[in-house]
Amino acid sequence: MKCLLKEDLERNGFTLRTDHPEPEPSYDEVKIKVLAASVCGTDKSIYQSADNEGIKDEMRRYLDHPDNYRPIIVGHEFCGIVESVGEGRETVRARDIDPDLVIEPGDYVTAEMHIPCGHCTLCRTGNAHICLNVRVKGVHLDGCFAQSVVVPRSNVILLGKRGDISSIPPRLAAMLDPLGNAVHTVQAADVGGKSVAILGLGPLGLMATLLARIHGAARIYVTEAVDLEHRFELAREFGADFFFDAIHGRHDLYETVRRQEKASGGVDVVLEMSGAAAAYEDAIRIVRNGGTIVLLGIPRHPLSEFDMAGGVIWKGVTLKGIFGRRMFDTWNTMLNLVRADKFGLRSRLIQMMAPKPYPLEDYRSAFQGLLTGQAMKLIFTPNPDAYAGD
Ligand SMILES: [Zn+2]
Ligand SMILES: [Zn+2]
């Protein structure tokens, strides 16, 4: 089959293979034919791994020895059609379950690509999203920039029985994974009726803006460092009220928050979506005493200058880190939100995407567009004949 491989961590780029062996589902696994797969910041980091020690370390995390790296198929955001289901206990038990809840060949699905171990205490106490031994498909295991992918059955999310794609079009279904990160982040703080600052307007920051508005945030401040005109325009449409250049407009941000939030001395909630070092400084400067900072962006280097005393402790601030999606309550919430389609959620999510999908063969120009900031979010169609568009 066709797929994109990360062959060598010390070299930038991917390798297109057309003769890669197809994966076969084993016990309790499902094989899925990929309709659409979307590209995210993690994929960009993997694409440009040569001088990114953080991503290299992460990709080697579960190896016995760093030299034992073997090429993996990248990509972790996708939707598709079930091709086959591995033999397992489930096929027996399935007789007792409503047939519309059972995942069968032909069904339209997506999947949670964080694979928890199922054994550790976190897994066993409803916290599988922060499993001690989590493996991420497309980072530690083969992912979805391929014609087919195999996923544990318990990670598969049913979107439509018997190939029915009407509930969520594929280009949107391929984006549920990042939307879930944004939902998880916004839900980690109580934003209803609150003042909220969103630092970073990449796809996740824009999604968070829209979600904060849907959840009833009173005032939304946003910052971004690149492609300002375009991203501020989208953010305005998505519900933001105040806009700041994250490099040249920091003083304006502090001043505006000081004026607008005079009574409390800062914003109630900061959602850090950028990972930029300066954004952490902004976060602790603008959060009010007793406020909440939720961290989703991933800093490229460890933060050395961070005023923990003045910025967090003496202010009584709550810091929360967010990883992945809660399994599976975040999924449940986001599917409800997408189906309800309030505030034009669907059409706005689609607004962030490059208009035309890319076949895997065009991965170089696809990544070129992403790396230069021309495209925010784009999708691959590894099986162009099966992709019906929308
Ligand atoms: Zn992602
Ligand atoms: Zn675990």
Side-chain angles (χ1 to χ4, degrees), residues 4 6 14 28 34 36-49 52 54-55 58-59 61-62 72-80 110-146 149 151-152 154-155 157 170-185 200-208 211 273-275 295-298 300 321-328 330-331 334 349 352-354 358 363 366-367 370-371 375-380 382:
L4 290 182
K6 183 71 191 180
F14 294 148
D28 273 356
V34 179
S38 77
V39 183
C40 97
T42 306
D43 304 315
K44 281 198 273 180
S45 301
I46 298 173
Y47 191 81
Q48 293 192 303
S49 62
N52 185 336
I55 197 73
E58 185 53 47
M59 294 184 78
R61 176 192 289 250
Y62 295 107
I72 64 149
I73 299 172
V74 282
H76 56 272
E77 306 175 355
F78 81 107
C79 64
T110 182
E112 169 59 63
M113 295 288 258
H114 288 197
I115 314 295
C117 74
H119 296 274
C120 73
T121 301
L122 282 314
C123 280
R124 291 178 160 258
T125 52
N127 292 293
H129 64 295
I130 41 172
C131 164
L132 277 184
N133 312 296
V134 67
R135 259 86 164 162
V136 180
K137 289 185 70 75
V139 178
H140 310 114
L141 303 167
D142 281 342
C144 64
F145 292 165
V149 60
V151 180
S154 55
N155 279 59
I157 315 280
R171 74 163 50 215
L172 200 53
M175 273 212 296
L176 287 172
D177 167 301
L179 179 63
N181 286 113
V183 168
H184 190 183
T185 305
L201 289 176
L204 291 165
L206 284 165
M207 288 176 188
L211 291 161
M273 314 298 280
S274 72
L295 305 170
L296 181 77
I298 298 170
R300 221 179 141 142
I322 298 296
F323 183 58
R325 298 140 295 280
R326 293 193 64 94
M327 295 170 215
F328 286 88
T330 307
W331 282 95
M334 88 174 113
L349 290 173
M352 287 192 287
M353 312 198 75
Y358 286 77
Y363 73 95
F367 274 87
L370 286 170
L371 294 169
M376 297 205 73
K377 200 78 189 157
L378 54 81
I379 58 169
F380 286 121

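Atoms within a ligand are numbered from 1 in the order they appear, just like the ligands themselves.
If you look at Phe367 and Phe14, their ring centroids are closer than 6.0 Å.
Here Cys40 contributes SG and Glu77 contributes OE2, and at the Zn ion (ligand 1) these two atoms make an angle of 100°, given to 10°. Cys120 contributes SG and Cys131 contributes SG; the angle these two atoms make at the Zn ion (ligand 2) is 110°, rounded to 10°.
With a 4.5 Å cut-off on side-chain heavy atoms, Cys40 and Pro178 do not count as touching.
For Leu371, the CG atom is densely surrounded, since the number of other residues' heavy atoms within 6.0 Å is greater than 12.
Note: Lys6 NZ to Ile73 CD1 = 14.5 Å, rounded to the nearest 0.5 Å.
Not a single N, O or S atom of His119, from either the backbone or the side chain, sits less than 2.8 Å from the Zn ion (ligand 2).
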